[in-house]
Amino acid sequence: MRITDTPADWPADEAAARALQDELRGRVDPDDSGPPPGTGHVTGLDVAYDDERDLVAAAAVVLDAGTLEVVEEATAVGRVAFPYVPGLLAFREIPTVLGALESLAAEPGLLVCDGYGRAHPRRFGLASHLGVLTGLPSIGVAKNPFTFTYEQPGPQRGDFSPLVADDAEGREMVGRALRTRDGVKPVFVSAGHRVGLETACAHTLLLSPRYRIPETTRRADALCRAALKEALTRT
DNA sequence: GCGACAG
DNA sequence: ATCTTGTCGC
């Protein structure tokens with residue numbers, strides 16, 4: 001098994017990581033040049049950790065956006081490149097996630113990340129970061145509200161309410177709490193690169209026909225866990 | 001200083 | 001994220 005290595009110029013500490021986010025945030029494209037929902041490919045990304053052995057397993061699962069059938073799967077294993085610090089999650093996941101993405105033969109199309117994009121302390125979360133580094137359209141679909149506030153959206157699938165940030169960047173609407181299943185806790189959607197919030201929500205609903213979490217993330221979650229187990233067996 | 005905090 | 005079985009409900 002080959003271990004994806006951390007880039008030599010990876011931020012060494014929190015200050016350097018925050019500075020890099022401030023530098024890269026200007027490269028995010030807020031326009032809607034990404035694919036129309038339901039067309040082309042959508043790629044789910046996720047990672048699993050074993051802090052004991054210092055390992056990270058990442059998975060990239062490409063689905064046909066129209067049928068949600070799996071087109072291709074890829075995994076990569078790496079060393080933990082950064083500790084978990086709220087707001088700096090991307091530095092922990094990106095090296096290995098890029099390793100998985102690079103080994104795909106298919107076009108990734110839209111990147112669906114397990115976390116946030118624009119909804120972030122410096123407006124540059126994991127989805128924004130991955131979008132800028134790859135040039136691919138991306139969105140973030142998180143399972144928790146992080147530090148943001150929101151009113152409970154209506155009870156039906158498709159109902160949503162604004163996700164509001166009130167921090168150093170000011171008070172602003174950075175995403176949506178979106179109900180993907182009737183009567184079930186909403187997911188938290190934010191724009192990444194080349195995809196607007198409205199479009200990001202449309203993608204999310206099409207990717208979640210049955211469960212709260214998008215098929216892309218569900219598939220990637222199962223795959224990276226399996227890849228981690230496999231890596232532990234061989235390590 | 002304390003608490004909260006994507007995964 | 002991760003440690004972890006059964007169980008209540010649709």
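The sequence lines fix the lettering, A, B, ..., with proteins before strands; numbering per chain opens at 1. Quick caveat, the model's predicted, so the values are computed rather than measured.
The nearest whole Å value for the distance from the CZ atom in A:F188 to the P atom in B:dA6 is 11 Å. Spacing between atom OH of A:Y84 and atom P of B:dG7 amounts to 7 Å, rounded to whole angstrom units. Per the geometry, CD belonging to A:E14 stands 13 Å off C1' belonging to B:dC5, to the nearest Å. B:dG7 atom C1' lies 12 Å from atom CG of A:L88, rounded to whole Å. Straight-line distance from the NE2 atom of A:H120 to the C1' atom of B:dG7: 12 Å, rounded to whole Å. Computed from coordinates, the A:Y116 OH to B:dA4 P distance equals 18 Å when rounded to whole Å. To the nearest angstrom, C1' of B:dA6 lies 12 Å from CZ of A:R122. If you measure from atom CZ of A:F146 to atom C1' of B:dA6, you get 5 Å, rounded to the nearest angstrom.
With distances taken from any side-chain atom of A:T147 to the nucleotides B:dG7, B:dC5, B:dA6, the minimum falls on B:dC5.
Side-chain nitrogen and oxygen atoms of A:N144 include none within less than 4.0 Å of the OP1 or OP2 phosphate oxygen of B:dC5.
For the pair A:T216 and A:T43, the minimum side-chain heavy-atom distance is 4.5 Å or more. A:I139 is listed as a side-chain neighbour of A:T204, based on a closest heavy-atom distance under 4.5 Å. Using a 4.5 Å cut-off on side-chain heavy atoms (C-beta onward), A:H129 and A:H193 make no contact.
At the heavy-atom level, A:G87 lies under 4.0 Å from base atoms of the strands shown. Within the 4.0 angstrom heavy-atom criterion, no nucleotide atom of any strand lies near A:L45.
With no hydrogens or angles considered, no side-chain donor-acceptor pair links A:R212 and A:T180 at under 3.5 Å. For the residue pair A:D32 and A:T199, a side-chain donor N or O sits within less than 3.5 Å of a side-chain acceptor on the partner.
The cationic atom of A:R92 (NZ for Lys, CZ for Arg) lies less than 6.0 Å from the six-membered ring centre of A:Y49 and within 45° of the ring axis. Annotation: cation-pi pair A:R218/A:Y211 present, NZ/CZ under 6.0 Å from the ring centroid and within 45° of its normal.
DNA chain B contains no stems of three or more consecutive Watson-Crick or G-U pairs with both distances under 3.5 Å.
Aromatic rings from A:F91 and A:W10 are positioned such that their centres are separated by under 6.0 Å.
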Give the intermediate values and the outcome of salt bridge (charged side-chain N to carboxylate O under 4.0 Å, His left out) for residues A:E23 and A:R122. CA-CA 10 Å; A:E23 180 193 328; A:R122 283 166 296 285; over 6 Å; no
Atom pairs under 3.5 Å: protein N/O with N/O of nucleotides 1-3 of chain C:
{"unit_1": "C:dA1", "atom_1": "OP2", "unit_2": "A:K143", "atom_2": "NZ", "d": "3.3"}

